[in-house]
Amino acid sequence: MKNGYSNDKEKKKKESIFDLSKYIDKTIRVKFQGGREASGVLKGFDPLLNLVLDGTIEYMRDPDDQLKLTEDTRQLGLVVCRGTSVVLICPQDGMEAIPNPFIQQQDG
Amino acid sequence: MTFQQIDLVFIFAELVDKCIGSRIHIVMKTDKEIVGTLLGFDDFVNMVLEDVTEFEITPEGRRITKLDQILLNGNNITMLIPGGEGPEV
């Protein structure tokens with residue numbers, strides 16, 4: 001039994017379900033636990049999803065801000081992002097803000 | 001794993017390693033930021049820093065300036081900015 005288990009472990013290498021190498025040198029947006037958002041050019045990454053971003057802009061959320069990103073942005077330059085707190089990665093081009101589609105009109 | 005991927009695997013540790021001895025600005029998941037001189041780190045990215053200044057972003061002010069050394073728990077670290085001086089206040 002034990003031999004079977006260790007064989008299994010050897011075959012189970014750490015494979016990413018998603019290949020970030022296609023985003024290298026492209027601008028991506030990253031969202032973190034805690035509500036922070038940042039965008040920058042992806043320079044490197046590792047299987048643990050730690051990222052290296054260049055020319056990073058950070059967007060902060062305020063209580064009144066909600067999703068108005070222009071409020072508090074700052075330039076951070078070269079930044080290392082911890083994979084443990086990354087929740088979302090998407091290309092900067094592939095997204096845009098839209099009006100809330102879930103608001104329903106209340107009839108009197 | 002392609003050859004290129006193997007190179008990239010080490011880029012994180014390399015970059016942080018280059019920072020050892022210089023100023024680094026650490027942004028937490030919360031509104032707290034830490035600026036200090038990096039002395040070292042471990043596999044979990046717990047960090048040992050020196051000459052540390054702690055910033056709270058929301059109340060708009062500098063909080064505590066600590067000397068000696070601190071051990072910063074890597075659990076809540078979101079971003080590491082080498083050579084960063086912290087938020088402008």
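Per chain, numbering begins at 1; letters A, B, ... match sequence-line order.
Connection of B/Leu39 to B/Val45 is not established within any shared hydrophobic cluster, with ILVMFWY side chains joined at heavy-atom distances below 4.5 Å, either directly or through further cluster members. Under the 4.5 Å side-chain heavy-atom criterion for grouping Ile, Leu, Val, Met, Phe, Trp and Tyr, B/Val48 is not connected to B/Phe44 through any hydrophobic cluster. Under the 4.5 Å side-chain heavy-atom criterion for grouping Ile, Leu, Val, Met, Phe, Trp and Tyr, B/Leu38 is connected to B/Val52 within one hydrophobic cluster. Neither A/Val52 nor A/Val41 shares a network with the other; the hydrophobic side chains, linked directly or stepwise wherever heavy atoms of I, L, V, M, F, W or Y lie under 4.5 Å apart, form separate groups for each.
Looking at B/Asn76, neither its backbone nor its side chain comes within 4.5 Å of chain A, counting heavy atoms on both sides. For a residue to count as touching a neighbouring chain, one of its non-hydrogen atoms must lie under 4.5 Å from one of that chain's; by this rule B/Thr78 touches chain A with backbone and side chain alike.
The two residues A/Val79 and B/Ile81 have their closest heavy-atom pair at CG2-CG1, 3.5 Å. Of all heavy-atom pairs spanning A/Phe32 and B/Met79, the tightest one is CZ-CG, 4.2 Å.
Taking 4.5 Å as the limit, some side-chain heavy atom of B/Asp31 sits within range of a side-chain heavy atom of A/Arg36.
At most 12 heavy atoms of other shown residues, nucleotides or ligands fall within 6.0 angstrom of atom CG in B/Asp43.
Summarising the geometry, atom OG1 belonging to A/Thr84 is positioned 7.5 Å from atom CG belonging to B/Asn75; distances are rounded to the nearest 0.5 Å.
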